Amino acid sequence: MENTSSPNLQTPLLPVEANGDIRVWFATRELLFSAQAPEGYYVVDATEVESISRAKIITFLENYNYVVVLSSQPLRAFEQFARQMKWVEAAGGVVESDGGAVVMIRRNERWDLPKGHREEGESFSQCAAREAEEETGVKVNAVGKLLATTLHSYNIYGSWELKLTAWYAMRGESESLSPQREEGIVCAEWIPRQEIAQRIKNSFPTIKKVFSAFLK
């Protein structure tokens, strides 16, 4: 479900860390909203209101892998930035069989997890199960705990979107899979737990975060 232009800052799913930090991923590049500047980050001072513009931030991300917007109120700075994009909500996750294998997909030359936009009236957990089934053909029997939530941004057809994704642990039947090729998925496979680390070496940071929680 694509929401109005305003980010839903009231949702408990917004990934605000214990220290107040908020991370947004642009593929493999990180935009951090924080009250402190970590070493190695390009610093943007939020007191310079003009510098929080989407255009300027994206320009910085084209030149630096890690950018931090420094603010005593990281959530407020994030909101100012987020309001300049279309807010999108999605869900997906890790479907595990009784034998311990998990469903992974291959898309854009990376190993990934099934996910997709939340439809109107649909809960995040319902969305996760539906998208997993549509994108891989797996039969989801149950949706378990929330593993993580992530934020990432991208430009699609000239419009910038900011996507909040909720990732769940799910149980599914170990049967043959059928990738949804119209979504750019070239394959869907059951991957043994011991092979996950190798498969995700080139995956996006958001996928690594999900598996970090799943494999605990």
Side-chain angles (χ1 to χ4, degrees), residues 12-19 21-32 38 40 65-66 89-118 123-154 163-216:
L13 294 178
L14 193 69
V16 181
E17 299 174 14
N19 62 356
D21 287 0
I22 301 174
R23 299 174 195 273
V24 182
W25 292 96
F26 291 70
T28 59
R29 301 191 178 212
E30 179 189 338
L31 173 62
L32 175 67
N65 289 327
Y66 303 94
E89 294 178 346
V94 184
V95 182
E96 183 180 19
S97 71
D98 290 340
V102 302
V103 177
M104 295 190 69
I105 61 174
R106 183 84 173 168
R107 177 163 47 192
N108 297 326
E109 299 183 352
R110 297 176 191 262
W111 285 101
D112 205 338
L113 288 169
K115 70 175 184 306
H117 290 187
R118 186 165 72 92
S123 70
F124 280 93
S125 59
Q126 289 171 335
C127 173
R130 176 182 56 77
E131 286 291 341
E133 291 184 343
E134 290 179 358
E135 292 197 343
T136 71
V138 69
K139 172 60 178 175
V140 175
N141 293 326
V143 179
K145 69 177 181 178
L146 178 69
L147 295 170
T149 57
T150 60
L151 290 164
H152 77 278
S153 184
Y154 49 89
K163 181 181 288 185
L164 168 71
T165 305
W167 303 92
Y168 291 85
M170 295 175 273
R171 302 293 294 186
E173 296 181 13
S174 181
E175 54 188 17
S176 60
L177 302 173
S178 55
Q180 191 177 24
R181 298 190 184 278
E182 57 268 32
E183 290 294 328
I185 303 171
V186 297
C187 71
E189 296 182 14
W190 287 102
I191 307 298
R193 270 182 173 250
Q194 62 269 25
E195 294 183 17
I196 293 174
Q198 177 64 32
R199 300 281 180 135
I200 65 174
K201 279 186 176 180
N202 193 42
S203 293
F204 291 111
T206 50
I207 301 302
K208 293 178 180 179
K209 177 181 179 178
V210 175
F211 272 116
S212 177
F214 176 76
L215 294 171
K216 278 185 178 179

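Bear in mind the structure is a predicted one, so any value in this text is a computation, not a measurement.
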Practice task
Starting at NZ of Lys139, measure out to CZ of Arg171 and round the result to the nearest 0.5 Å.
Solution key: 15.0 Å
Handout entry: Check: Trp167/Thr150 side-chain N/O donor and acceptor closer than 3.5 Å
Key = yes
Problem - Sub-4.5 Å side-chain heavy-atom contact between Thr165 and Thr149 - result: no
Practice task
Answer yes or no: is there a side-chain heavy-atom contact under 4.5 Å between Tyr168 and Val94?
Solution key: no
Exercise for the section: May I ask you to test the Asp21-Val16 pair for a side-chain heavy-atom distance under 4.5 Å? Expected result: no
Handout entry: Side-chain heavy-atom pair Val102, Val95 within 4.5 angstrom cut-off
Key = no
Problem - Where Ala128 and Ala91 come nearest, the two heavy atoms and their spacing - result: N-CB, 3.7 Å
Handout entry: Which atom of Val138 lies closest to which atom of Ala132, heavy atoms considered
Key = CG1-O, 3.7 Å
Fill in the blank from the handout: When rounded to the nearest 0.5 Å, the distance separating CD1 of Ile200 from NZ of Lys209 is 14.0 Å
Practice task
Please list all pairs passing the ring pair (Phe, Tyr, Trp, His ring centres under 6.0 Å) test where one or both residues lie in residues 129-153, with sequence neighbours left out.
Solution key: His152-Tyr154
Practice task
For Gln180 and Thr136, run side-chain contact (heavy atoms from CB on, under 4.5 Å): C-alpha distance rounded to whole Å, both residues' side-chain angles, the deciding distance at 0.1 Å, then the answer.
Solution key: CA-CA 6 Å; Gln180 191 177 24; Thr136 71; over 6 Å; no
Problem - Stepwise side-chain contact (heavy atoms from CB on, under 4.5 Å) check, Ile22 with Leu32 - result: CA-CA 6 Å; Ile22 301 174; Leu32 175 67; over 6 Å; no
Exercise for the section: Identify the two heavy atoms, one from Pro205 and one from Ala27, that lie closest to each other, and give their separation to 0.1 Å. Expected result: CD-O, 3.6 Å
Problem - Partners passing side chain to side chain contact (heavy atoms under 4.5 Å, CB included) against Arg110 (at least two apart in sequence or in another chain) - result: Thr28, Asn202, Phe204
Problem - Atom pair CD/SG of Glu134 and Cys127 - distance to nearest 0.5 Å - result: 8.5 Å
Exercise for the section: Calculate, to the nearest 0.5 Å, the distance between atoms CG and CG belonging to Leu14 and Leu151 respectively. Expected result: 6.0 Å
Problem - Exam field: side chain Ser97 to backbone Ala101, donor-acceptor pair closer than 3.5 Å - result: yes
Problem - Between OG on residue Ser212 and CG on residue Leu147, distance to nearest 0.5 Å - result: 10.0 Å
Exercise for the section: Could you tell me whether the side chain of Arg23 reaches within less than 4.5 Å of the side chain of Glu30, counting heavy atoms only? Expected result: yes
Completion exercise
Nearest heavy-atom approach of Val143 to Ala129 is CG2-CB, 3.8 Å
Handout entry: Spatial distance of atom OG (Ser203) from atom CH2 (Trp111) [nearest 0.5 Å]
Key = 9.5 Å
Exercise for the section: Not counting sequence neighbours, which residues clear salt bridge (Lys or Arg N to Asp or Glu O under 4.0 Å) with Glu133? List them please. Expected result: none
Practice task
For Tyr66, look at atom OH and say whether over 12 heavy atoms of other residues, nucleotides or ligands are found less than 6.0 Å away.
Solution key: no
Exercise for the section: For the residue pair Trp25 and Lys163, establish whether any side-chain heavy-atom pair is separated by less than 4.5 Å. Expected result: no
Just distance, no hydrogens or angles: give the donor-acceptor pairs under 3.5 Å from side chains in residues 184-198, sequence neighbours left out.
| from | atom 1 | to | atom 2 | distance (Å) |
| --- | --- | --- | --- | --- |
| Glu189 | OE1 | Arg199 | NH1 | 3.4 |
| Trp190 | NE1 | Glu175 | O | 2.7 |
| Arg193 | NE | Glu96 | OE2 | 3.3 |
| Arg193 | NH2 | Glu96 | OE2 | 3.4 |
| Glu195 | OE1 | Arg199 | NH2 | 3.2 |
| Gln198 | OE1 | Lys201 | NZ | 3.3 |

Exercise for the section: Would you list the pairs meeting salt bridge (charged side-chain N to carboxylate O under 4.0 Å, His left out) in which at least one residue belongs to residues 179-188, sequence neighbours left out? Expected result: none
Problem - More than 12 heavy atoms from other groups under 6.0 Å of NZ on Lys145 - result: no
Problem - salt bridge (Lys or Arg N to Asp or Glu O under 4.0 Å) against Glu135, all qualifying residues, sequence neighbours excluded - result: Arg107
